[in-house]
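Take a look at the structure below.
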2 protein chains.
Amino acid sequence: MVPYSCGLDAAADVIGGKWKPRILWALHHGPMRFGELRREIAGVTEKMLIQQLRELEARDIVHREVFRQVPPRVEYSLTGLGQSLNVALAPLDAWGAEHLEILEASRAG
Amino acid sequence: MVPYSCGLDAAADVIGGKWKPRILWALHHGPMRFGELRREIAGVTEKMLIQQLRELEARDIVHREVFRQVPPRVEYSLTGLGQSLNVALAPLDAWGAEHLEILEASRAG
DNA sequence: TCAGGTACTGACCGGAAGGTAAGTGATGGT
DNA sequence: ACCATCACTTACCTTCCGGTCAGTACCTGA
């Protein structure tokens with residue numbers, strides 16, 4: 001495996017995957033339960049959501065906390081690193097929002 | 001196809017793909033010939049480079065200009081939209097650079 | 001004459017990413 | 001007794017992204 005060629009390369013690797021940006025953005029407002037995330041992020045399946053959450057957890061971007069209750073309660077939140085990442089993502093979100101129409105128009109598929 | 005759920009979603013779609021961030025970053029310093037890009041971006045194949053360039057061109061992120069010469073000369077440069085994208089990408093690059101070590105450490109592979 | 005540089009194009013292939021559907025185990029509601 | 005909720009887990013299948021390799025057309029320099 002080749003080392004990252006620049007910071008952008010590394011960042012892209014972290015937020016890579018179909019659902020990670022959505023997850024990051026959803027957690028922006030505070031901790032969320034698994035089921036809440038699932039409902040918030042339209043179209044995601046349980047398997048995909050967990051998979052991506054686990055990857056973000058392994059990267060120390062999100063924190064997973066289990067409350068031993070019945071029914072089980074698991075909360076996901078951003079770590080300090082995750083919050084700093086979200087800050088860095090803000091301009092990109094703004095860019096996308098500003099050019100939404102052209103981007104929708106030139107979209108493949 | 002579902003509309004983009006937020007600006008970040010749209011932006012991620014534009015810079016998605018293994019080589020696009022590298023291409024954007026390489027063009028940051030000004031127009032480049034195909035061969036120059038190829039040498040600058042270590043590991044990319046001709047097919048992949050062209051494919052990604054064409055996609056970026058279709059999105060109006062890069063501009064392609066052909067000089068009818070012998071040998072052929074083709075230059076790629078950022079459009080206005082591409083430059084604004086690069087500006088929005090800068091904080092993300094800085095974030096990646098700042099946490100390069102942890103990110104390398106927690107990398108899968 | 002023939003390799004080498006220029007900027008591509010196209011056929012084929014493998015693996016990984018992502019999607020579908022079903023099952024798990026404890027508990028609370030009707 | 002039965003179903004739903006919670007947070008997962010597993011097996012299986014399909015799609016597609018990216019990689020290899022070969023070929024194209026043109027001209028230059030040895």
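In what follows, chains are A, B, ... by sequence order, proteins preceding strands, each numbered from 1.
- Rounded to whole Å, atom P of D/dT10 lies 11 Å from atom CD1 of A/I50.
- Between B/L8 and A/I15, the closest side-chain pair of non-hydrogen atoms is not below 4.5 Å.
- Within 4.0 Å (heavy atoms only), A/F67 reaches no atom of the nucleic acid at all.
- For the pair B/I23 CD1 and D/dG18 C1', the interatomic distance rounds to 13 Å; values are reported in whole Å.
- Nearest nucleotide to the side chain of B/F34, out of C/dT6, D/dA7, C/dA7: C/dA7.
- Distances were taken from every side-chain heavy atom of B/Y76 (C-beta onward) to each of D/dT20, C/dC8, C/dG19; the shortest belongs to C/dC8.
- Here A/R68 lies out of heavy-atom contact (under 4.0 Å) with every strand.
- In the displayed structure, B/E101 atom CD is contacted under 6.0 Å by at most 12 heavy atoms of other residues, nucleotides or ligands.
- Aromatic ring orientation, B/H99 versus B/W95: tilted (interplanar angle from 30° to 60°).
- When side chains are defined from C-beta on, A/V62 does not count as touching A/M32, because their heavy atoms never get closer than 4.5 Å.
- In this structure, the CZ atom of B/R38 is 15 Å from the P atom of C/dT9, given to the nearest Å.
- Counting any heavy atom pair closer than 4.0 Å across all strands shown, A/Q52 reaches sugar-phosphate atoms only and no base atom.
- A/N86 places a side-chain N or O within donor-acceptor distance of the main-chain N or O of A/L24, the cut-off being under 3.5 Å.
- Rounded to whole Å, atom P of C/dA7 lies 10 Å from atom CG of B/L37.
- Nucleic acid contact class of B/R33 (heavy atoms, under 4.0 Å, all strands): sugar-phosphate only.
- When rounded to the nearest whole Å, the span between CE of B/M48 and C1' of D/dC17 equals 7 Å.
- Ranked by how close their nearest DNA chain D nucleotide is to the 5' end, A/K47 and A/R73 are led by A/R73.
- Rounded to a whole Å, the CD atom of B/E46 is 11 Å from the C1' atom of D/dC21.
- B/R54 comes within contact range of the sugar-phosphate backbone alone, with a heavy-atom separation under 4.0 Å but no base atom that close.
- Side-chain proximity of B/W19 to C/dT6, D/dC6, D/dG19: nearest is D/dG19.
- In this structure, B/E65 atom CD and C/dC8 atom C1' are separated by 18 Å, rounded to whole Å.
- Between B/E75 atom CD and C/dA7 atom C1' the separation is 13 Å, expressed in whole Å.
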